[in-house]
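These figures come from a predicted structure and were not determined experimentally.
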Amino acid sequence: QVQLVESGGGLVQAGGSLRLSCAASGSTFGSYAMGWFRQAPGKEREFVATISWRAANVYYADSVKGRFTISRDYAKNTVYPQMNSLKPEDTAVYYCAAGLSSSLQRGQGSYWGQGTQVTVSS
């Protein structure tokens with residue numbers, strides 16, 4: 001069992017940066033790939049990024065490629081997306097998830113956090 005808690009969301013101006021955190025409980029954190037997703041009002045949840053269980057492979061949605069960087073800290077059981085050059089269209093609730101890398105890329109996670117709001121003002 002893995003429990004995930006996101007933090008770090010907030011309000012930022014366009015062009016600014018935020019770093020979200022997803023803290024995982026449980027001794028099996030290192031066994032899972034981790035991913036980030038987001039859901040804007042009135043839209044379906046979409047894939048943002050994923051990092052494999054050994055951090056050897058990372059994948060990004062085209063919409064965030066070059067602006068977001070995902071990383072993980074095994075000592076802290078935490079995964080981070082560093083989000084730079086934020087745009088108003090990045091406004092959404094951001095969720096982290098744990099699971100198989102191939103499943104995460106299809107939007108299917110074994111465990112999900114509760115989400116954290118990111119609002120980018122123009």
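Looking only at side-chain heavy atoms (C-beta outward), Met83 and Val12 stay at 4.5 Å or farther from each other. Leu86 has its side chain within reach of Leu18: a pair of non-hydrogen atoms, C-beta onward, lies under 4.5 Å apart. Using a 4.5 Å cut-off on side-chain heavy atoms (C-beta onward), Trp36 and Pro81 make contact.
Here the CD atom belonging to Gln82 is positioned 12.0 Å from the CD1 atom belonging to Ile70, to the nearest 0.5 angstrom. Atom CG of Leu4 is separated from atom OG of Ser25 by 7.0 Å, given to the nearest 0.5 angstrom. Atom OG of Ser102 sits about 9.5 Å away from atom OH of Tyr59, to the nearest 0.5 Å. Distance check, rounded to the nearest 0.5 Å: OG1 of Thr69 to CD1 of Ile51 gives 10.0 Å.
More than 12 heavy-atom neighbours from other residues, nucleotides or ligands sit within 6.0 angstrom of CD on Glu46. Within 6.0 Å of NZ on Lys43 lie no more than 12 heavy atoms contributed by other residues, nucleotides or ligands.
Contact between Ser71 and Val79 at its shortest, heavy atoms only, is O-CG2, 3.1 Å. Closest non-hydrogen pair, Ser110 versus Gly99, comes out as OG-CA, 3.9 Å. Closest approach of Arg72 to Ala33, counting heavy atoms only: NH1-CA, 4.0 Å.
Aromatic rings from Phe37 and Trp112 are positioned such that their centres are separated by under 6.0 Å.
At a threshold of 4.0 Å, the pair Asp90-Lys87 does not count as salt-bridged, since none of the basic side-chain nitrogens sits closer than that to a carboxylate oxygen.
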Go through it in stages, so that I can follow the logic: the residues are Tyr95 and Val93, the test is side-chain contact (heavy atoms from CB on, under 4.5 Å), and I'd like the CA-CA distance, side-chain angles, deciding distance and then a yes or no.
CA-CA 7 Å; Tyr95 299 90; Val93 177; 3.4 Å; yes
side-chain contact (heavy atoms from CB on, under 4.5 Å) for Val58 and Phe68? Distances and angles first, verdict last.
CA-CA 11 Å; Val58 294; Phe68 289 15; over 6 Å; no
Could you walk me through whether Tyr94 and Arg38 satisfy the side-chain hydrogen bond (donor to acceptor under 3.5 Å, both in side chains) test, starting with their C-alpha distance in whole Å, then the side-chain angles of each, then the deciding distance to 0.1 Å, before giving a yes or no?
CA-CA 4 Å; Tyr94 283 71; Arg38 65 187 182 186; 2.9 Å; yes
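Residues Asn84 and Ser17 bring a donor and an acceptor atom of their side chains to less than 3.5 Å of each other.
Criterion: ILVMFWY side-chain heavy atoms under 4.5 Å apart, direct or through other members. Under it, Val48 and Tyr80 are not part of a common hydrophobic cluster. If you chain together hydrophobic residues whose side chains sit under 4.5 Å apart, Leu104 and Tyr74 never meet in one group.
The closest donor-acceptor contact from the side chain of Thr91 to the backbone of Glu89 lies at 3.5 Å or more, if one exists at all. Counting only distance, with no hydrogens or angles, the side chain of Thr50 and the backbone of Met34 share a donor-acceptor pair below 3.5 Å. Side chain of Glu6 to backbone of Gly115: a donor-acceptor contact under 3.5 angstrom is found.
Contacts of Tyr60 classified as ring-ring contact (aromatic ring centres under 6.0 Å, His included), with partners at least two apart in sequence or in another chain: none.
The aromatic rings of Tyr32 and Tyr111 sit perpendicular to each other, their planes meeting at more than 60°, with 30° as the lower class boundary.
Note on residues 113-122: pairs passing side-chain hydrogen bond (donor to acceptor under 3.5 Å, both in side chains), not counting sequence neighbours, are Gln117-Thr119.
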